[in-house]
Amino acid sequence: MKREIYRTAGEEETIALGRTLGARWPRPCVILLIGQMGAGKTTIAKGIAAGVGAAAEEEVSSPTFPLIHEYGDPVSVYHIDLYRLDTVEEVERIGLDEIMERHAIVLLEWAERFPSILPSRRVEICMESDGDEGRSIEVTEHDG
Amino acid sequence: MPDLILGIESSCDETAAAVVCSDRGILSSVVASQIATHCKYGGVVPELASREHLRAIVPVVREALERAGAGFDSLSAVAVTEGPGLVGSLLVGLTFAKAVSAARALPLIGVNHIEGHIHAVLIESRAAGAIVQFPALALVASGGHTHLFELPEEGRYRLMGKTRDDAAGEAFDKVAKLLGFGYPGGPVLDALAPHGDANAVRLPFSKMKGNALDFSFSGLKTAMLRWVQARGMDDEIAARRAVLRSSEHLSIEEWLAATPATTLNAIAAFQRVVIEELLRRLDRAAEESGAQAIIVSGGVACNQGLRRAATAGRFPCPVYFPTPGLSTDNAAMIAAAALGKFSRGEFADLTLKAKAGLTLA
């Protein structure tokens, strides 16, 4: 297990950090984005998707309602938000296990609520706001 | 002979079917979650993903045909949402439509869901004898989309702006949940907003770098979170969650009784900022494009505050909203969008694919 802590001063720095991080790990790669509403999960997702050339930053928006956004052709980034789901059965029904096997980066929001579906090898990005524009971002690599 | 088109929609939560006639407009429009409340399927509310769509699609199509007094034999074509949406959900509608097309030798028409939302307005305004003039603007705002298009003529679209983070409806629903009104609670906020003073709470407007017609709602959402945190509202929010658990159908009076004036003020301010964010983009886009009409569609078009503000003489051209049943996801809009494609002979074949990230322009 490897842990690093970053601090970003604003949205642009958070996106820039995402760009660096996205290119760092071999695929398939499951990345949990953890933090409360407004912590910057969609913001860092913009950087990750842009960093691997899957989408322009402004193309990446919140997947809460549609559950899954796909980026790249062929798809190289899945951005998935389990916010609206309440049970493991619902999560299974969206075909998450199959998506996690693909040669892609899978970004997961609110997935820590369903520990049984998570692969042991994964990255966790925990984000916290300093009450203003700044964010502290803790990146943990679980080797599995 | 007028043409009858069966429309099928299954891109996200709703399974829907409808029959639309080239002469007589919408003959039927059935949405599974709406009839499920009548316990037709043993009270199962179809939502989230393909298994529920699979369960609902056959009875929903049957109901749409029955209500229209039509059978598969009387159809001219079958139209279906090809995207954007969840692939697993889209596939249910697509596969069903292809099966009908193959079995009955009917032309198959693929429709973009967002184009469907725009056609919900076009078909209703035609039925009301109010023809939408072009160039027009179309704002499609829902839980999953916030897109602003210019329509130089019917059937042509130019994207002018879209959200860079949350959709407008998503901001409503998430703030409602934050305040203890449950999820999705956008309509509750809309109903409570007139009871507060929007001037009493200051909330930020978005500042867009680059395209000024893009939208952003995450800053507003975060400002609401900070407003709540600064007040230590845990007890108040817990009390509302208890109210929520006490009954399935709460009246606005019951919500009002559980919501102090300061919170009503914040709700009013939030509602006003979201509405202004939407309407200011329309102001600017109308000026740039010389639009002769404005179309507002998608679930957020149900918002009463938005309807009042948009139709209060703010714009130099008419503003068209769909009726509430056609604002949220439905299949009449899919069949309506297919009418033009049918007359132009724009047919798909059985290789038509689900396109999760399909764009309109």
Side-chain angles (χ1 to χ4, degrees), chain A residues 10-12 14-15 35-46 49 54-75 77-87 89-96 98-99 109-110 127 129-133 135, chain B residues 11-13 47-54 83-90 113 142-147 161-167 169-171 173-175 177-178 183-184 208-211 214-226 228-230 299 329 355-359:
Chain A
E11 207 174 291
E12 281 172 24
T14 303
I15 292 174
Q36 63 170 309
M37 190 174 104
K41 298 185 291 295
T42 298
T43 305
I44 202 162
K46 285 174 181 282
E57 286 166 20
E58 57 273 18
E59 301 296 318
V60 177
S61 60
S62 167
T64 299
F65 192 78
L67 304 176
I68 303 174
H69 275 162
E70 302 178 354
Y71 299 104
D73 186 17
V75 179
V77 174
Y78 291 88
H79 185 191
I80 301 174
D81 189 347
L82 307 182
Y83 181 87
R84 298 201 297 136
L85 306 189
D86 294 320
T87 64
E89 289 71 35
E90 287 175 330
V91 175
E92 284 168 353
R93 271 179 240 159
I94 68 170
L96 206 56
E98 189 209 334
I99 290 172
E109 298 191 22
W110 300 104
M127 309 183 68
S129 166
D130 65 2
D132 199 8
E133 296 296 302
R135 298 288 185 274
Chain B
S11 64
C12 197
D13 292 359
E47 57 180 4
L48 302 173
S50 42
R51 203 158 76 184
E52 281 71 16
H53 287 298
L54 211 47
L86 264 184
V87 170
S89 301
L90 288 164
H113 179 83
S142 65
H145 306 283
T146 306
H147 287 84
K162 65 176 172 22
T163 185
R164 292 189 196 166
D165 39 59
D166 295 2
E170 175 185 353
D173 288 336
K174 285 192 168 168
V175 166
K177 183 172 180 183
L178 167 72
Y183 185 92
M208 304 311 301
K209 285 180 191 158
N211 183 4
D214 274 351
F215 301 84
S216 169
F217 295 101
S218 70
L220 176 63
K221 182 182 71 177
T222 308
M224 283 298 286
L225 174 70
R226 301 270 154 75
V228 168
Q229 285 170 337
D329 288 353
K355 301 174 190 81
L358 185 65
T359 55

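Order of the sequence lines fixes the chain letters, A, B, ..., with proteins taken first and strands second; residue numbering starts at 1 for each chain.
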query: Between the main-chain N or O of B:D165 and the side-chain N or O of A:K46, is there a donor-acceptor pair closer than 3.5 Å?
result: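 Here the side-chain-to-backbone pair does not exist.
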| More than 12 heavy atoms of other residues, nucleotides or ligands under 6.0 Å from CD of A:E57: is that the case? |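 Atom CD in A:E57 is crowded, with more than 12 foreign heavy atoms closer than 6.0 Å.
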A:P66 to B:C12 - nearest heavy-atom pair and separation: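 So the minimum-distance heavy-atom pair works out to CA-SG, 4.1 Å.
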Are A:S62 and B:K221 packed together at the side-chain level, in the sense that at least one heavy-atom pair is separated by less than 4.5 angstrom?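 Of all side-chain heavy-atom pairs linking B:K221 with A:S62, none is under 4.5 Å.
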**Report entry** Flag side-chain contact, heavy atom, 4.5 Å: B:E170 against A:Y83
**Finding:**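 No, every pair of side-chain atoms sits at 4.5 Å or beyond.
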Please classify the contact of [X] with chain B as side chain, backbone, both or neither, using a heavy-atom distance under 4.5 Å.
X      : value
A:E12  : side chain
A:D132 : backbone
A:V75  : neither

| task | Go through the structure and list residues passing side-chain hydrogen bond (donor to acceptor under 3.5 Å, both in side chains) with B:N211, not counting sequence neighbours. | result |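 Scan of B:N211 (side-chain hydrogen bond (donor to acceptor under 3.5 Å, both in side chains), adjacent residues dropped) gives B:D214.
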Which of A:G131, A:G38, A:S129 touches chain B most, by non-hydrogen pairs under 4.5 Å =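 It is A:G131.
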field: Part of B:R164 within contact of chain A (heavy atom distance under 4.5 Å)
entry: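 Answer is both: backbone and side chain atoms of B:R164 are under 4.5 Å from chain A.
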Between [atom1] of [X] and [atom2] of [Y], what distance do you get to the nearest 0.5 Å?
X      : Y      : atom1 : atom2 : value
B:K162 : A:E59  : NZ    : CD    : 4.0 Å
A:E58  : B:M208 : CD    : CE    : 9.5 Å
B:L86  : A:R93  : CG    : CZ    : 13.0 Å

